Amino acid sequence: MATRRPLVAGNWKMHGNRVETAALVATIRHGVDAFSVADVAVCPPFILIPLVAEKLAGGPVFWGGQNLSTHKSGAYTGEISGSMLKDYGCTYVIVGHSERRTLYGENDSLVAEKYGAAQAAELIPILCVGETLQERESNRTEDVVARQLNAVIRAHGVSSFKHAVIAYEPVWAIGTGKTATPEQAQDVHRFIRGRLAVMDKSVADGVRILYGGSMKATSAGELLAQPDIDGGLVGGASLSADEFLSICRAAK
Ligand code: 13P
């Protein structure tokens with residue numbers, strides 16, 4: 001089995017200002033210097049990316065966007081392209097976050113387009129998938145996750161996951177304080193890897209699958225100890241440097 005280097009990524013969502021952000025990244029950078037068992041990344045709001053890029057230049061912490069346009073450039077008011085993110089040193093970009101799917105109407109095919117746009121700009125997409133509470137309760141978790149993955153596989157092929165990260169984020173666990181149990185999360189992670197393995201075993205073995213949804217320092221250890229959980233996509237807890245660094249340390 002391939003060894004997968006864990007990745008802990010903070011999704012700051014629409015939080016922060018210049019003063020808070022400068023302090024937060026300084027502490028994270030300092031804390032991450034002390035160990036290197038995992039890759040660590042932060043995904044600030046677009047407007048804070050230049051500041052973060054300046055503060056984190058030279059490593060070891062990576063940074064990325066939370067969204068991108070499907071277009072390369074042009075008359076698309078309010079949009080940000082993959083190449084713009086790349087220009088500011090981004091390594092990653094989140095695509096298909098459930099907040100974008102539900103609040104901004106991003107469907108599977110649009111998410112697949114954004115995934116492709118990210119890779120075309122040489123960014124690593126962090127593709128978010130996950131079911132709502134209603135879907136889980138009606139036993140449709142695997143169908144939903146499979147459908148979300150299939151849209152990307154159909155458009156870009158399974159081999160595209162050589163240059164991508166998957167984040168399993170059960171919608172009912174996001175921002176609710178209700179974390180999936182390690183068993184619940186592992187079951188879905190195993191399912192995701194298994195689906196890819198049917199098509200390409202080596203891609204499945206190599207792809208990092210992160211868990212996201214109310215991950216905290218207290219729950220991270222058990223979650224990250226699961227065989228198919230390769231890191232975390234952390235929302236609320238990534239806004240506290242101490243909490244975020246504790247999660248990073250749990251990713252061994
Ligand atoms: P919380 O960690 O705040 O639940 O958010 C998870 C998430 O949506 C990360 O993308």
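Whatever order the structure lists ligands and atoms in, that order sets their numbers, starting from 1. Fair warning: this is a prediction, and the values are worked out from it, not measured in the lab.
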Residues forming a ring-ring contact (aromatic ring centres under 6.0 Å, His included) with Tyr76, sequence neighbours excluded
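ring-ring contact (aromatic ring centres under 6.0 Å, His included) list for Tyr76, sorted by chain: His71.
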Using a distance-only test with no angle check, is there a side-chain donor-acceptor pair under 3.5 angstrom linking Asp228 and Gln186?
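Yes, a side-chain donor-acceptor pair sits under 3.5 Å.
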For Ser240 and Asp242, does a side-chain donor sit closer than 3.5 Å to a side-chain acceptor?
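No, because no side-chain N or O of Ser240 sits under 3.5 Å from a partner of the opposite role on Asp242.
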Go through Asp230 and Leu7 one step at a time and tell me if the side-chain contact (heavy atoms from CB on, under 4.5 Å) criterion holds.
CA-CA 7 Å; Asp230 309 310; Leu7 167 65; over 6 Å; no
Considering residues at least two apart in sequence or located in another chain, which fulfil the side-chain contact (heavy atoms from CB on, under 4.5 Å) criterion with Arg136?
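Partners of Arg136 by the side-chain contact (heavy atoms from CB on, under 4.5 Å) criterion, ordered by chain and then number, come out as Glu131, Thr141, Tyr168, Trp172, Gln184, Val188.
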Give me the pairs of N or O atoms, one from ligand 1 and one from the protein, that sit under 3.5 Å apart.
unit_1   : atom_1 : unit_2 : atom_2 : d
ligand 1 : 2 (O)  : Ser214 : N      : 3.4
ligand 1 : 2 (O)  : Gly235 : N      : 2.9
ligand 1 : 3 (O)  : Gly236 : N      : 2.8
ligand 1 : 4 (O)  : Gly175 : N      : 2.6
ligand 1 : 4 (O)  : Ser214 : N      : 2.7
ligand 1 : 5 (O)  : Lys13  : NZ     : 3.3
ligand 1 : 8 (O)  : Lys13  : NZ     : 2.8
ligand 1 : 8 (O)  : His97  : NE2    : 2.7
ligand 1 : 10 (O) : Asn11  : ND2    : 3.0
ligand 1 : 10 (O) : His97  : NE2    : 2.9
ligand 1 : 10 (O) : Glu169 : OE1    : 3.2
ligand 1 : 10 (O) : Glu169 : OE2    : 2.9

Remaining members of Leu110's ILVMFWY cluster at a side-chain heavy-atom cut-off under 4.5 Å?
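Answer for Leu110: none, a lone residue.
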